[in-house]
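Single-structure report; data block below.
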Amino acid sequence: MEDFKALRMEGEDLILLDQRLLPVREEDFICRTVDDVTYAIRDMVVRGAPAIGGTAAYGVYFAAKEAKGDEALFNKLCAKLKGARPTAVNLAWAVDRVARKAMGCAFDLPTIKAEADAIVSEDIAMNLEIGRIGSTLVPPRATILTHCNTGALATCGWGTALGVIKSAWDEDKDIFVYADETRPRLQGARLTAWELVKAGIPSALIPDSAAATLIRDGKIDLVVLGADRIAANGDVANKLGTFALSVICKHYGVPFYSAAPTTTIDFDCPTGAGIPIEERDREEVTHVGSVQVAPDEIGVYNPSFDVTPHQNITGIITEMGVIREPYAMNLAMLRQKLGR
Ligand code: MRU
């Protein structure tokens with residue numbers, strides 16, 4: 001396992017590794033209230049669907065402490081947490097799960113905290129299984145392209161797509177990884193590159209727009225990336241740029257995998273058209289860090305995610321196995337198995 005954690009509890013404090021500062025500074029951000037947690041998720045101190053879910057789970061614990069048995073206030077605080085970011089379904093899923101537990105145990109704080117702990121340890125276990133299963137899809141000496149950050153920083157530990165890459169590396173597959181820088185928040189450059197270097201995996205960082213040429217020129221054996229919400233028909237919402245990669249992969253016949261725990265599947269959302277896509281601040285595009293790169297007067301369109309149609313996806317790697325076409329039928333069967 002890695003020697004850092006995106007989130008951890010120490011006593012009554014939730015400690016987040018402040019991802020806004022990486023890779024330049026490694027500093028903790030301490031949360032003690034629902035407002036702290038909401039701010040940390042919204043401002044992307046912590047990000048990545050499963051890490052957001054784990055963080056919000058402890059947010060519900062803080063909500064229970066703050067509400068002191070006042071159910072209306074508790075519900076209001078949970079709604080605040082759920083509203084922090086709209087696309088990653090792990091957020092609402094985790095809040096609902098811990099809130100249900102809180103109601104069922106008459107707001108017994110140790111029971112609520114234990115439920116949040118369980119979400120974290122289950123996520124790590126799911127990621128290790130995704131890594132084990134996903135690694136079987138990685139041929140020896142494969143060159144892999146990935147997008148955004150899906151590693152330990154984006155989860156409660158190990159990672160999803162980057163977990164697959166790390167598992168393949170741990171199995172002595174002689175792999176090489178290209179990481180998209182992932183404009184505009186640069187999760188690839190700042191976070192995935194940091195994790196790849198720490199893990200000692202041979203890799204190179206590329207501008208997002210170099211991916212098409214690498215794929216066309218036969219330099220990529222497979223693409224593996226994450227998901228923020230998977231609809232019941234297999235459409236996948238993930239970091240902006242995922243859809244474009246899927247189109248290029250389909251055109252050139254390169255396998256394209258999304259890796260995610262089943263907690264990222266929204267069985268109640270029939271297709272990708274129903275997935276809310278977050279639009280973020282204009283400054284993410286007009287500035288790089290604190291440096292302005294565009295005129296104040298320009299309009300900006302900054303969707304944080306896009307939706308990849310299931311027809312472009314070779315397989316969805318979950319802890320329960322690899323889901324393939326026909327997605328609607330196979331996901332319905334998975335739903336039954338999970339009892340959700
Ligand atoms: O905006 P972010 O950084 O939260 O977006 C993260 C992604 O899109 C990831 O690919 C996704 O959450 C999966 S993380 C295991």
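Order of appearance sets the numbers: ligands from 1, and atoms from 1 within every ligand.
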Original post:
Contact between Met44 and ligand 1, counting heavy atoms under 4.0 Å?
Top reply: yes
Original post:
Do the ring centers of Phe176 and Trp169 come within less than 6.0 Å of each other?
Top reply: no
Original post:
So which bit of His147 gets within less than 4.0 Å of ligand 1, heavy atoms only: side chain, backbone, both or neither?
Top reply: neither
Original post:
Taking only residues two or more places apart in sequence, or in another chain, which ones meet Arg190 in a side chain to side chain contact (heavy atoms under 4.5 Å, CB included)?
Top reply: Pro23, Leu186
Original post:
What about Thr160: any of its N or O atoms under 3.5 Å from an N or O on ligand 1?
Top reply: no
Subject >> Sub-4.0 Å heavy-atom contact, Ala88 with ligand 1 >> reply: no
Original post:
Is a salt bridge present between Asp266 and Arg229, judged by a nitrogen-to-oxygen distance below 4.0 Å?
Top reply: yes
Original post:
Does Asp3 pair with Lys198 as a salt bridge, N-O distance under 4.0 Å?
Top reply: yes
Subject >> Where Ala102 and Ile112 come nearest, the two heavy atoms and their spacing >> reply: CB-CD1, 3.6 Å
Subject >> Under 3.5 Å: N/O of Gln187 near N/O of ligand 1 >> reply: yes
Original post:
So which bit of Ala49 gets within less than 4.0 Å of ligand 1, heavy atoms only: side chain, backbone, both or neither?
Top reply: both
Subject >> Option set Asp228, Thr264, Thr192, criterion heavy-atom distance to atom 7 (C) of ligand 1, minimum >> reply: Asp228
Subject >> Nearest neighbour of atom 13 (C) of ligand 1 from the list Ala154, Ala227, Gly48, on a heavy-atom basis >> reply: Ala227
Original post:
What part of Thr150 sits under 4.0 Å from ligand 1 if we count only heavy atoms: the side chain, the backbone, both or neither?
Top reply: both
Subject >> Nearest non-hydrogen partners of Ala56 and Val95, listed with the distance >> reply: CB-CG2, 3.8 Å
Subject >> Mode of Ala51 contact toward ligand 1 - side chain, backbone, both, neither (heavy atoms, under 4.0 Å) >> reply: neither
**OP:** Consider only side-chain N and O atoms of Thr33 and Asp36, and report whether a donor and an acceptor are under 3.5 Å apart.
**Re:** yes
Original post:
In the protein, which heavy atom is nearest to atom 9 (C) of ligand 1, and how far is it?
Top reply: Asn238 OD1, 3.5 Å
Subject >> Between Thr264 and Trp93: side-chain donor-acceptor atoms closer than 3.5 Å >> reply: no
Original post:
Considering only heavy atoms, does Arg85 approach ligand 1 within less than 4.0 Å through its side chain, its backbone, both, or neither?
Top reply: side chain
Original post:
What part of Leu225, side chain from CB on, backbone N/CA/C/O, both or neither, has a heavy atom under 4.0 Å from ligand 1?
Top reply: neither
Original post:
Between Leu205 and Ala189, what is the shortest heavy-atom contact and its length?
Top reply: CD1-CA, 3.6 Å
Original post:
Which atoms of ligand 1 sit under 4.0 Å from any heavy atom of Cys148?
Top reply: 5 (O), 6 (C), 7 (C), 8 (O)
**OP:** May I ask you to list the atoms of ligand 1 that are less than 4.0 angstrom from any heavy atom of Pro50?
**Re:** 14 (S), 15 (C)
**OP:** May I ask you to list the atoms of ligand 1 that are less than 4.0 angstrom from any heavy atom of Lys239?
**Re:** 1 (O), 2 (P), 5 (O), 8 (O)
Original post:
What do you reckon, is NZ of Lys101 surrounded by more than 12 foreign heavy atoms closer than 6.0 Å?
Top reply: no
Original post:
Does one side chain, of Asn233 or Thr271, offer a donor that lies under 3.5 Å from an acceptor on the other?
Top reply: no
Original post:
At a 4.0 Å threshold, what atoms of ligand 1 neighbour a non-hydrogen atom of Thr155?
Top reply: 15 (C)
